[in-house]
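Count residues from 1 along the sequence. Predicted model, so just to flag it, every value in this text is computed and none were measured. Computed from heavy atoms alone, side chains included, the values below leave out hydrogens, waters and symmetry copies.
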Amino acid sequence: MSTGYNNPVAVVTGSSSGFGLLTSVELAKAGFRVVATMRDLGRRELLDKGAHSAGVSANIDIRQLDITNFAGMPEVVERVMRDYGRIDVLLNNAGFAVAGFIEDLKLEEIRLQFETNFFGHVALTKAVLPIMRQQRSGHIIMVSSISGLHGSPTISSYSASKHALEGWSESLRIEVNSLGIKVVLVEPGSFQTDIWTRNARIGEKAFDGTSLNRERGERMRDRIQQLPKKDPIAVARLIANIAQDPNPKLRYLIGNDAHVPLWLKRLLPWKWHEKLIARALKID
């Protein structure tokens with residue numbers, strides 16, 4: 001069935017909290033018809049409240065989508081097309097972080113990190129690309145991280161998944177730019193989202209008493225909890241602006257703690273840089 005809406009259509013993943021929730025509301029406020037997806041529809045309450053408060057509930061359609069269910073993605077995309085007839089923006093946002101020293105992480109924990117943070121975005125993008133190719137237009141926006149440009153201790157798997165997303169997105173942008181499709185990477189620093197709480201998972205070995213890194217890990221955890229984390233609404237508003245920009249850049253770093261570490265990495269000799277990071281995070 002067709003809704004008759006003439007508004008541009010945005011599909012957002014991971015919209016139950018954090019950047020996905022806030023961006024869904026910001027896009028709706030900007031005039032988009034937003035298909036806000038989440039793995040567990042039982043967690044839609046915060047988005048419902050946010051949409052109601054902003055007066056945009058009618059512009060947000062909440063649907064279930066598990067981005068690790070690759071086989072089910074084409075059907076989800078087909079339903080969006082049946083209902084709205086187009087997809088103008090895809091925001092690949094869903095994800096989580098596995099925390100733990102590399103020697104303590106299991107391979108299956110690392111694989112799950114990549115299944116969600118990398119392959120899930122790849123699979124959904126591939127499902128949407130034929131639509132945007134036919135339209136000769138569309139924005140594919142990847143929520144990456146400064147960790148995709150700068151490796152960080154104890155979140156090696158998260159950082160690796162974001163590095164993979166960065167490289168894949170660079171290649172994709174070159175391939176589809178002439179088709180009218182714009183690929184963009186958004187690279188936030190530390191913002192107050194569920195990536196630090198509900199969407200952070202600790203490797204099992206950290207809890208079974210066998211890790212030799214327990215004290216180092218506790219020092220780093222305490223240090224990270226002390227670091228200031230900014231309001232994520234700034235990232236949501238940036239993404240909404242990118243979605244409306246006909247000619248966006250490839251990369252958008254946001255947050256001083258995104259710019260400064262990358263600047264230091266490029267400026268300092270590596271041996272100085274690694275000592276600085278280790279001392280700052282209390283793991284040396």
Side-chain angles (χ1 to χ4, degrees), residues 5-15 18-20 22-37 56 59-60 77 80-81 84-95 117-118 121-150 162-189 191 230 232-256 258-259 262-263 266:
Y5 277 88
N6 294 319
N7 307 57
V9 176
V11 175
V12 179
T13 67
S15 62
F19 298 142
L22 294 171
T23 306
S24 294
V25 173
E26 291 299 312
L27 287 170
K29 288 165 62 178
F32 284 82
R33 181 65 175 173
V34 180
V35 180
T37 70
V56 294
N59 287 338
I60 298 181
V77 172
V80 173
M81 288 299 294
Y84 300 109
R86 61 186 300 110
I87 296 175
D88 298 284
V89 174
L90 170 62
L91 176 61
N92 283 309
N93 165 74
N117 289 12
F118 177 67
H121 299 331
V122 169
L124 186 54
T125 298
K126 285 178 65 63
V128 169
L129 274 173
I131 296 163
M132 291 186 173
R133 169 185 267 274
Q134 186 174 15
Q135 295 171 176
R136 302 290 296 187
S137 67
H139 283 43
I140 299 170
I141 304 173
M142 310 289 191
V143 177
S144 182
S145 167
I146 181 56
S147 294
L149 298 172
H150 183 287
K162 295 297 187 180
H163 271 72
L165 186 65
E166 293 273 335
W168 191 78
S169 298
E170 286 184 2
S171 301
L172 178 64
R173 180 171 167 118
I174 297 169
E175 290 181 7
V176 302
N177 192 48
S178 63
L179 305 177
I181 303 169
K182 306 302 180 183
V183 178
V184 179
L185 287 155
V186 177
E187 297 146 341
F191 287 82
K230 297 179 177 61
I233 190 63
V235 177
R237 289 172 178 162
L238 171 63
I239 294 171
N241 288 336
I242 293 169
Q244 299 170 82
D245 186 342
N247 190 30
K249 300 185 299 182
L250 169 62
R251 286 191 166 87
Y252 291 82
L253 271 78
I254 180 168
N256 288 337
H259 288 274
L262 190 59
W263 178 76
R266 291 169 175 170

How long is the span from the CD1 atom in I239 to the CG atom in L27, to the nearest 0.5 Å?
8.0 Å

When rounded to the nearest 0.5 angstrom, what is the spacing between CD1 in I254 and CD in E187?
11.0 Å

Please identify each residue that fulfils salt bridge (charged side-chain N to carboxylate O under 4.0 Å, His left out) with K29, with sequence neighbours left out.
E26

How long is the gap from CG on L238 to CD1 on I233, to the nearest 0.5 Å?
11.5 Å

Rounded to the nearest 0.5 Å, what's the gap from CG on L149 to CG on L185? Could you check?
8.0 Å

Under 3.5 Å, side chain of H163 to main-chain N/O of S147, donor-acceptor pair present?
yes

State which residue, out of I242, N177, I140, fulfils the side chain to side chain contact (heavy atoms under 4.5 Å, CB included) condition with K182.
N177

Contact check, side chains of L124 and V77, non-hydrogen atoms, under 4.5 Å:
yes

Check whether any side-chain N or O of T13 sits under 3.5 Å from a backbone N or O of A94 as a donor-acceptor pair, and report yes or no.
yes

Quick check for you: to the nearest 0.5 Å, what is the distance between S169 atom OG and I174 atom CD1?
11.0 Å

Check the pair V128, V11 against side-chain contact (heavy atoms from CB on, under 4.5 Å), reporting the backbone distance first and the verdict last.
CA-CA 10 Å; V128 169; V11 175; 6.0 Å; no

Is the backbone of A10 close enough, under 3.5 Å, to the side chain of D88 for a donor and an acceptor to pair up by distance?
no

What pairs meet the salt bridge (charged side-chain N to carboxylate O under 4.0 Å, His left out) rule with one or both residues in residues 162-179, with sequence neighbours excluded?
E166-R251, E170-R251

Roughly how far apart are Y252 OH and N241 CG, rounded to 0.5 Å?
9.0 Å

Donor-acceptor pair between N93 and T23 side chains, under 3.5 angstrom
no

Identify the residue among V143, L90, N92 that makes a side chain to side chain contact (heavy atoms under 4.5 Å, CB included) with H121.
N92

Any donor-acceptor pair under 3.5 Å linking the side chain of N7 with the backbone of G31?
yes

